[in-house]
J.: 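Structure in structure tokens, see below.
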Amino acid sequence: MRIIFAGTPEFARVALAQLHAAGFEIPLVLTQPDRPAGRGLKLQASSVKQFALEHNIPVTQPRSLRLDGKYPEDAAAARAAIEAAQADAMIVAAYGLILPQWVLTTPRLGCFNIHASLLPRWRGAAPIHRAIEAGDNETGITIMRMDAGLDTGDMLLMEKVAILPADTTASLHDRLAALGGRLMVEALELAACGGLAPVKQPDQGISYAHKIEKHEAAIDWADGATAIERRIRAFNPFPVAASPVAGASLKIWESAVLPGQLPAGARPGEVVAVSERGVDVAAADAVLRLTRLQKPGGKPLDAAEFLRGFALAPGMVFGPAAEAAS
């Protein structure tokens, strides 16, 4: 079976590697244009492009696939490449561009998507982050035949994954990426022999995983401790939860909700205790222990090591009060 692969980040690279290892013929890879990255803002190829070049797979990087859009010359060149590939199917995983109808109908079997949620829950751009943030107990991978809607196509295969209490977006991403590649291989093997049984998505239980914005990283200590702890895990490794204190905005990588009641009179954001085990901060309903922190220009450090280079003490306040005082 000949397949075109469209994807950009590490999540997609894992699937591409598994499809390549399974022996599928891949005459073409589509990925996003190189982006500036690092302190020098040098152009950097996507994870998918790097894999493709290492394995001598032709790559095209259109800025758009819309023939009537802002970059019609890119779209026209991509169309020529896609048609020349004569693929049986296109596999899409975290590509980042909308596929117009001409793309969806060009491959003989259509376009299949690897989506990191149990559809129809968490359609959209950030399903892993939003599942952790919402406190879901499970998520998974859905292999879907793509249509013109936003993650609305028929479901082909699905497998559940438990969200563990300590899962971050980074850890859950890695498990789902491996599962997505395995399920996609299985789906294509079934498609080759006509063994797929498409199932329409239910009309109930639809939710949308909106793109993560950097401003969401700011911790609101007036929220409940459990909600803050989930957000810290959801935003690890990006954009990383943060809060100002003592004139600096600290990134919070790991935390834990402490049992018991808030100390009497503790204000949201107030440091109530400091030890090598962590920095204990009052939220609306409980104390949150910050166990891995990062100061501006520094590296993420466990609390004991962090406190040797950044002094925190009971009575200090995280959040807007700290900004107003500095």
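When reading the values below, keep in mind they use all heavy atoms of this one structure, side chains included, and skip hydrogens, waters and symmetry mates. Given the structure is predicted, the values throughout are model-derived calculations rather than measurements.
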J.: Without swapping roles, check the side chain of Gln201 against the backbone of Gly153 for a donor-acceptor pair under 3.5 Å.
T.: yes
J.: Of all the heavy-atom pairs spanning Gly315 and Arg267, show the shortest one and how long it is.
T.: O-NH2, 4.0 Å
J.: How many angstroms lie between atom CZ of Arg145 and atom OG1 of Thr152, to the nearest 0.5 angstrom?
T.: 13.5 Å
J.: Between Ser249 (side chain only) and Pro244 (backbone N and O only), is there a donor and an acceptor less than 3.5 Å apart?
T.: no
J.: Give a yes or no on this: more than 12 heavy atoms of other residues, nucleotides or ligands lie within 6.0 Å of atom CD of Gln261.
T.: no
J.: For Asp88, is there an ion pair with Arg2 - N to carboxylate O distance below 4.0 angstrom?
T.: no
J.: Does atom CZ of Arg35 have more than 12 heavy-atom neighbours from other groups under 6.0 Å away?
T.: yes
J.: Can you find a pair of side-chain heavy atoms, one from Val199 and one from Asp154, that are under 4.5 Å apart?
T.: no
J.: Is there side-chain contact between Pro268 and Phe318, with at least one heavy-atom pair below 4.5 Å?
T.: no
J.: Output yes when Arg130 and Glu216 qualify as a salt bridge under the 4.0 Å nitrogen-oxygen rule, no when they do not.
T.: yes
J.: Looking only at heavy atoms, which two atoms of Pro237 and Trp253 are closest? And how far apart?
T.: CA-CZ3, 3.9 Å
J.: List in chain and number order the residues that pass side chain to side chain contact (heavy atoms under 4.5 Å, CB included) with Asp280, two or more places apart in sequence or in another chain; answer none if no residue qualifies.
T.: Leu258, Val272, Ala273, Val287, Arg289
J.: Are Ile91 and Phe24 side-chain neighbours, meaning at least one heavy-atom pair lies under 4.5 Å?
T.: no
J.: Applying salt bridge (Lys or Arg N to Asp or Glu O under 4.0 Å), can you list everything that pairs with Arg230, at least two apart in sequence or on another chain?
T.: none
J.: Taking the six-membered ring for Trp and the full ring for Phe, Tyr or His, determine whether the centres of Phe51 and His20 are under 6.0 Å apart.
T.: yes
J.: Any sub-3.5 Å donor-acceptor pair from Asn137's side-chain atoms to Ala162's backbone N or O?
T.: no
J.: Going by the side-chain contact (heavy atoms from CB on, under 4.5 Å) test, name the single residue among Val240, Thr291, Ile252 that passes it with Ile232.
T.: Ile252
J.: Determine whether a donor-acceptor pair (N or O, by modelled atom type, separation under 3.5 Å) exists between the side chain of Arg121 and the backbone of Gly205.
T.: no
J.: For Met144, does its backbone N or O pair with a side-chain atom of Thr142 as donor and acceptor, under 3.5 Å?
T.: no
J.: Which atom pair, heavy atoms only, marks the closest approach of Asp136 to Ile163?
T.: O-CD1, 3.4 Å
J.: Kindly work out whether a path of hydrophobic side-chain contacts (I/L/V/M/F/W/Y, heavy atoms less than 4.5 Å apart) joins Met155 to Ile114.
T.: no
J.: Among Thr169, Val14, Val161, which residue satisfies the side-chain contact (heavy atoms from CB on, under 4.5 Å) criterion with Leu176?
T.: Val161
J.: Without hydrogens or angle criteria, can the side chains of Trp221 and Ser243 be said to hold a donor-acceptor pair below 3.5 Å?
T.: yes
J.: Flag yes if Ile219 and Val274 sit in one hydrophobic cluster, no otherwise; membership is Ile, Leu, Val, Met, Phe, Trp, Tyr, and two members link when side-chain heavy atoms are under 4.5 Å apart.
T.: yes
J.: Sequence neighbours excluded and cut-off under 3.5 Å, please list the side-chain donor-acceptor pairs for residues 74-82, or say none.
T.:
residue : atom : partner : partner atom : Å
Asp74   : OD1  : Arg63   : NH2          : 3.1
Asp74   : OD2  : Arg63   : N            : 2.9
Asp74   : OD2  : Arg63   : NE           : 2.9
Arg79   : NE   : Glu83   : OE2          : 3.2

J.: Give a yes or no on this: more than 12 heavy atoms of other residues, nucleotides or ligands lie within 6.0 Å of atom CD of Gln101.
T.: yes
J.: Between the side chain of Glu159 and the main-chain N/O of Leu183, is any donor-acceptor distance below 3.5 Å?
T.: no
J.: State which residue, out of Leu99, Leu104, Asn113, Ile3, fulfils the side-chain contact (heavy atoms from CB on, under 4.5 Å) condition with Met90.
T.: Leu99
J.: Please report the closest heavy-atom contact between Ala241 and Phe235, naming both atoms and the distance.
T.: N-CB, 4.0 Å
J.: Any side-chain donor-acceptor pair under 3.5 Å between Asn236 and Glu254?
T.: no
J.: Might you confirm whether atom CG of Asp68 has over 12 heavy atoms from other residues, nucleotides or ligands at distances under 6.0 Å?
T.: yes
J.: Do any N or O atoms from the side chain of Ser207 and from the backbone of Trp122 form a donor-acceptor pair under 3.5 angstrom?
T.: yes
J.: Would you indicate whether Ile98, at its atom CD1, is surrounded by more than 12 heavy atoms from other residues, nucleotides or ligands within a distance under 6.0 Å?
T.: no
J.: Using modelled atom types only, decide if a donor and an acceptor are shared between the side chain of Asp220 and the backbone of Ala222 within a distance under 3.5 Å.
T.: yes
J.: Is the side chain of Trp102 donor-acceptor paired with the backbone N or O of Leu65 at a distance under 3.5 Å, no angle test?
T.: yes
